[in-house]
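Residue numbers start at 1 and run along the sequence shown. As a basis for the values below, the full set of heavy atoms in this structure was taken, side chains included, without hydrogen atoms, waters or symmetry mates.
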Amino acid sequence: MTDRYCVIGNPIAHSKSPDIHAAFAAQMGQSLTYERCLAPLDGFNDTVRALIAQGYKGANVTVPFKLDAAAIATSLTGRARAAGAVNTLSFVDGGIVGDNTDGAGLVNDITRNARVAIGGKRVLLLGAGGAARGVILPLLEQGPAELVVANRTRATADALVAQFGSPLLRACGFGDIAAPFDIVINATSASLAGDLPPIPAETFCPETLALDMMYGKQPTVFMQFASSHGAHVRDGLGMLVEQAAEAFTVWRGVRPETPAVLEQLRTSL
């Protein structure tokens with residue numbers, strides 16, 4: 001029987017995950033199916049239990065269910081526990097293992113695809129919500145000179161930093177950013193509304209990599225602003241493909257090659 005996987009979300013029709021995993025499966029000679037699964041906003045747990053009953057092997061989880069996924073898991077990986085959210089579920093031996101591949105996806109996109117080292121660099125993370133929380137531990141594991149979490153509400157950034165307790169990590173408000181940085185990551189939702197986090201132009205310099213977790217046909221406002229002040233810019237499509245590759249590895253035990261899949265996805269936007 002062909003192994004079955006899916007991505008659970010609401011909405012979900014826009015998800016690129018089935019295309020990505022189909023490409024990975026073909027590349028690696030793996031027999032599996034991967035579908036979109038629309039869960040009612042109040043029906044995530046029932047959806048997961050139905051998938052298990054139908055014999056699914058695992059599921060990815062996207063907005064707005066990543067906290068629900070962490071709650072339903074019977075065990076969490078270290079990176080999922082640090083993130084406080086889950087985007088990858090494995091249904092194993094009657095249990096539900098919760099993992100989070102977002103941070104690994106971001107790190108792999110920066111270091112492998114953009115070919116920018118994180119070790120020893122000054123890194124600025126904009127935002128202190130779930131997207132930011134999920135990438136802090138993998139970024140710290142790369143050994144940056146410092147990782148600064150900047151947020152509109154300083155207290156939220158302070159609370160997030162306190163949870164990790166790393167000497168490499170500190171918090172500030174948007175108005176207190178001491179620039180420039182080597183790597184700037186926009187983990188806010190501002191780009192969805194076409195807005196720009198209120199950060200100074202001096203945040204960027206010609207050696208800066210500015211990455212927005214959002215992606216689309218056109219550069220985001222954040223990318224345009226960063227580029228206009230000399231930075232090299234990158235959107236979140238590579239992170240999307242790399243986190244999917246990490247999930248595929250968790251489930252199948254083999255790591256697919258991502259460059260061709262990323263290029264294929266880029267041309268289809």
Side-chain angles (χ1 to χ4, degrees), residues 102-129 131-154 156-158 160-161 164 166-243 258-259 262 266:
D102 286 331
L106 174 68
V107 166
N108 287 340
D109 186 51
I110 292 172
T111 59
R112 296 179 183 179
N113 298 331
R115 297 181 182 177
V116 172
I118 298 172
K121 302 292 182 64
R122 294 189 73 222
V123 182
L124 175 64
L125 183 62
L126 303 175
R133 179 187 298 275
V135 303
I136 287 176
L137 180 61
L139 286 170
L140 287 173
E141 289 173 342
Q142 293 293 304
E146 67 172 340
L147 175 57
V148 178
V149 179
N151 195 57
R152 191 181 302 270
T153 305
R154 169 66 186 267
T156 306
D158 284 331
L160 181 57
V161 166
F164 286 85
S166 169
L168 300 178
L169 192 60
R170 67 180 180 87
C172 72
F174 284 143
D176 302 316
I177 294 173
F181 284 85
D182 300 300
I183 302 171
V184 181
I185 301 161
N186 183 18
T188 74
S189 59
S191 293
L192 287 174
D195 295 330
L196 180 71
I199 55 177
E202 295 75 21
T203 302
F204 308 100
C205 70
E207 289 75 40
T208 302
L209 172 67
L211 185 149
D212 197 327
M213 289 188 182
M214 305 299 170
Y215 65 90
K217 290 183 179 181
Q218 303 298 325
T220 66
V221 173
F222 168 81
M223 292 169 65
Q224 294 173 36
F225 181 75
S227 179
S228 72
H229 292 93
H232 303 277
V233 298
R234 189 170 186 84
D235 69 7
L237 194 65
M239 177 182 173
L240 175 71
V241 172
E242 292 294 341
Q243 66 81 24
T258 56
L262 176 55
R266 178 76 65 193

Got [X] and [Y] here, is their nearest side-chain heavy-atom distance under 4.5 Å?
| X | Y | result |
| --- | --- | --- |
| V233 | F222 | no |
| L169 | V149 | yes |
| V123 | I118 | yes |

Handout entry: side-chain hydrogen bond (donor to acceptor under 3.5 Å, both in side chains) partners of residues 214-233, not counting sequence neighbours, each pair once
Key = D212-T220
Handout entry: Main-chain N/O of A179 paired to T203 side chain as donor or acceptor, under 3.5 Å
Key =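 No; zero donor-acceptor contacts below 3.5 Å.
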Exercise for the section: Determine yes or no for a side-chain-to-main-chain donor-acceptor pair under 3.5 angstrom, with S166 supplying the side chain and L168 the backbone. Expected result: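 Yes: the side chain of S166 pairs with the backbone of L168.
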Handout entry: Which residues share a side chain to side chain contact (heavy atoms under 4.5 Å, CB included) with A114, sequence neighbours left out
Key = V116, L209, R234
Exercise for the section: To the nearest 0.5 Å, tell me how far F174 CZ sits from T153 OG1. Expected result: 9.0 Å
Completion exercise
d(I185 CD1, L147 CG) to nearest 0.5 Å is 7.5 Å
Looking only at heavy atoms, what is the nearest atom pair of [X] and [Y], with distance?
| X | Y | value |
| --- | --- | --- |
| V148 | C172 | CG1-SG, 3.7 Å |
| S189 | M214 | CA-CE, 3.9 Å |
| V221 | G194 | CG2-O, 3.4 Å |
| A117 | I183 | O-CD1, 3.9 Å |
| L125 | A187 | CD1-CB, 4.0 Å |
| A128 | N151 | N-OD1, 3.2 Å |

Apply side-chain hydrogen bond (donor to acceptor under 3.5 Å, both in side chains) to [X] and list each qualifying residue two or more places apart in sequence or on a separate chain.
| X | answer |
| --- | --- |
| T188 | N186 |
| R152 | none |
| D176 | none |
| N113 | D109, E242 |

Practice task
For R266, check salt bridge (charged side-chain N to carboxylate O under 4.0 Å, His left out) against everything at least two apart and list the hits.
Solution key: D235
Exercise for the section: Kindly state each residue pair satisfying salt bridge (charged side-chain N to carboxylate O under 4.0 Å, His left out) with at least one member in residues 115-126, sequence neighbours excluded. Expected result: R122-E146
Show every donor-acceptor pair shorter than 3.5 Å between a side-chain atom in residues 131-145 and any protein atom, with sequence neighbours excluded, or say none if there are none.
residue	atom	partner	partner atom	Å
R133	NH1	Q163	OE1	2.6

Handout entry: Derivation of the side-chain contact (heavy atoms from CB on, under 4.5 Å) call for V107 and I110
Key = CA-CA 5 Å; V107 166; I110 292 172; 5.9 Å; no
